[in-house]
Amino acid sequence: MLEVKELTVHYDGALALNGVNLRVEEGEFVAVVGPNGAGKTTLLRAICGLLKEIQPGASERPRVSGTITFDGKRIDKLKAYNIVKLGVVHCPERRRPFSEMSILENLEMGAYLRKDKNGIKKDLEWVYGLFPVLKDRRDQMSVTLSGGEQQMLAIARALMSKPKLLLIDEPSLGLAPILKNNVFERIKEIQRSGVTVLLVEQDVSVAIDIADRIYVIAHGRIAAEGTKEELMKNTDVREIYLGI
């Protein structure tokens, strides 16, 4: 479904990604793990078309090379909204709700590009089933939600775009363990419903337990790839990169 080839990204001369190769098959749950600053978020932003403008804190637009293909079509030259139309949807780091809008309005914004009213209504009930707290508080302003509730809202809002491939960036960031487990259970349920998932996560222990395959990224490069069983057999990968 997704193929990334020789993806290289420079920010103001600094190398963020260096020749990254990655693939995701339809129906898979793939995780990308690694420390802060390894290039995980940059990878997702490149896939979904968000590296075509000057980034916060940068003095120039990132320089990007390599190819990104989705369902046999090159998307690395497309605008972000056209990538969403194809079914690649990004759930960003740190949740980022539209704080001046209610929960329901945030979910409706997720469906902004859609015209199928009956499908939107059906998907709204689906995400309410995944995250009942959102239905209970649908008229509440999103800024008043807890961190865990905002993460649920961010995932639900992304689902309202009807993704074929869902990109999720650091969903466990700042969450208590019990909330973290609940969020990951819902993500696994989303995959079982037929949505392909590419997850970026710093919490290695949780990510490798639920993913079908794992990529380990360090210093902008893919350091290792495989299933949990394959990675755990490699002592160097386990100790140096996974810390297990």
Side chain to side chain contact (heavy atoms under 4.5 Å, CB included) evaluation trace for Ile120 with Met160: CA-CA 7 Å; Ile120 292 172; Met160 290 302 296; 3.8 Å; yes
Please name the pair of heavy atoms, one in [X] and one in [Y], separated by the smallest distance, quoted to 0.1 Å.
X: Ala38; Y: Gly34; answer: CB-C, 4.4 Å
X: Val200; Y: Pro171; answer: O-CD, 3.7 Å
X: Ala80; Y: Gly49; answer: CB-O, 3.8 Å
X: Met152; Y: Leu134; answer: O-CD1, 3.9 Å
X: Leu199; Y: Ala207; answer: CD2-CB, 4.3 Å
X: Gly148; Y: Leu179; answer: CA-CD1, 4.1 Å

Taking the side chain as everything from C-beta on, heavy atoms only, tell me whether [X] gets closer than 4.5 Å to [Y].
X: Lys117; Y: Lys121; answer: no
X: Phe98; Y: Glu105; answer: no
X: Val32; Y: Leu22; answer: yes
X: Ile155; Y: Ile190; answer: yes
X: Ile222; Y: Val216; answer: no
X: Val33; Y: Gln202; answer: no
X: Phe70; Y: Leu165; answer: yes
X: Val88; Y: Ile47; answer: yes

Just how far is it from atom [atom1] of [X] to atom [atom2] of [Y], taken to the nearest 0.5 Å?
X: Asp212; Y: Lys228; atom1: CG; atom2: NZ; answer: 13.0 Å
X: Leu15; Y: Asn18; atom1: CG; atom2: CG; answer: 4.5 Å
X: Ile83; Y: Lys85; atom1: CD1; atom2: NZ; answer: 12.0 Å
X: Leu17; Y: Thr42; atom1: CG; atom2: OG1; answer: 5.5 Å
X: Leu86; Y: Ile75; atom1: CG; atom2: CD1; answer: 7.0 Å
X: Arg157; Y: Asn106; atom1: CZ; atom2: CG; answer: 5.5 Å

Lys233/Glu230 ion pair, N-O < 4.0 Å: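 No, Lys233 and Glu230 are not salt-bridged.
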Short N-O contact, Glu149 and Arg137, less than 4.0 angstrom: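 Judged by the 4.0 Å cut-off on N to carboxylate O distance, Glu149 and Arg137 do form a salt bridge.
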Is a donor on one side and an acceptor on the other found under 3.5 Å between the side chain of [X] and the backbone of [Y]?
X: Lys40; Y: Ile217; result: no
X: Glu28; Y: Glu25; result: yes
X: Ser102; Y: Met141; result: no
X: Asp76; Y: Ile68; result: yes
X: Ser99; Y: Val143; result: no
X: Thr8; Y: Ser65; result: no
X: Asp123; Y: Trp126; result: no
X: Thr69; Y: Gly72; result: no
X: Ser142; Y: Pro97; result: no
X: Arg213; Y: Arg23; result: yes

Heavy atoms from other residues, nucleotides or ligands near CD of Glu26 exceed 12 (cutoff 6.0 Å):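 For Glu26, atom CD is not crowded (no more than 12 foreign heavy atoms under 6.0 Å).
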Whether over 12 other heavy atoms sit under 6.0 Å from Lys135 NZ: no
Criterion side chain to side chain donor-acceptor pair (under 3.5 Å) on Glu3 and Asn21, from CA distance to verdict: CA-CA 8 Å; Glu3 187 170 28; Asn21 293 289; over 6 Å; no
Verdict with supporting geometry, Ile168 and Val197, side chain to side chain contact (heavy atoms under 4.5 Å, CB included): CA-CA 8 Å; Ile168 309 180; Val197 175; 4.2 Å; yes
For residues [X] and [Y]: do they belong to one hydrophobic cluster (side chain heavy atoms under 4.5 Å, members Ile, Leu, Val, Met, Phe, Trp, Tyr)?
X: Leu153; Y: Tyr128; result: yes
X: Met1; Y: Phe29; result: no
X: Leu145; Y: Leu107; result: yes
X: Leu2; Y: Leu166; result: no
X: Leu7; Y: Val24; result: yes

Full working for side chain to side chain contact (heavy atoms under 4.5 Å, CB included) between Lys73 and Leu78: CA-CA 10 Å; Lys73 177 184 177 67; Leu78 297 181; 4.1 Å; yes
Worked check of side chain to side chain donor-acceptor pair (under 3.5 Å) between Glu201 and Ser172: CA-CA 7 Å; Glu201 181 55 54; Ser172 74; 2.5 Å; yes
Chi angles and distances behind the side chain to side chain contact (heavy atoms under 4.5 Å, CB included) call for Gln191, Ile187: CA-CA 6 Å; Gln191 184 223 359; Ile187 296 172; over 6 Å; no
Evaluation steps, salt bridge (Lys or Arg N to Asp or Glu O under 4.0 Å), between Glu189 and Arg186: CA-CA 5 Å; Glu189 188 174 339; Arg186 298 290 80 75; 3.2 Å; yes
Pair Tyr112-Arg114, side chain to side chain donor-acceptor pair (under 3.5 Å): steps then yes or no: CA-CA 6 Å; Tyr112 181 76; Arg114 297 175 60 180; over 6 Å; no
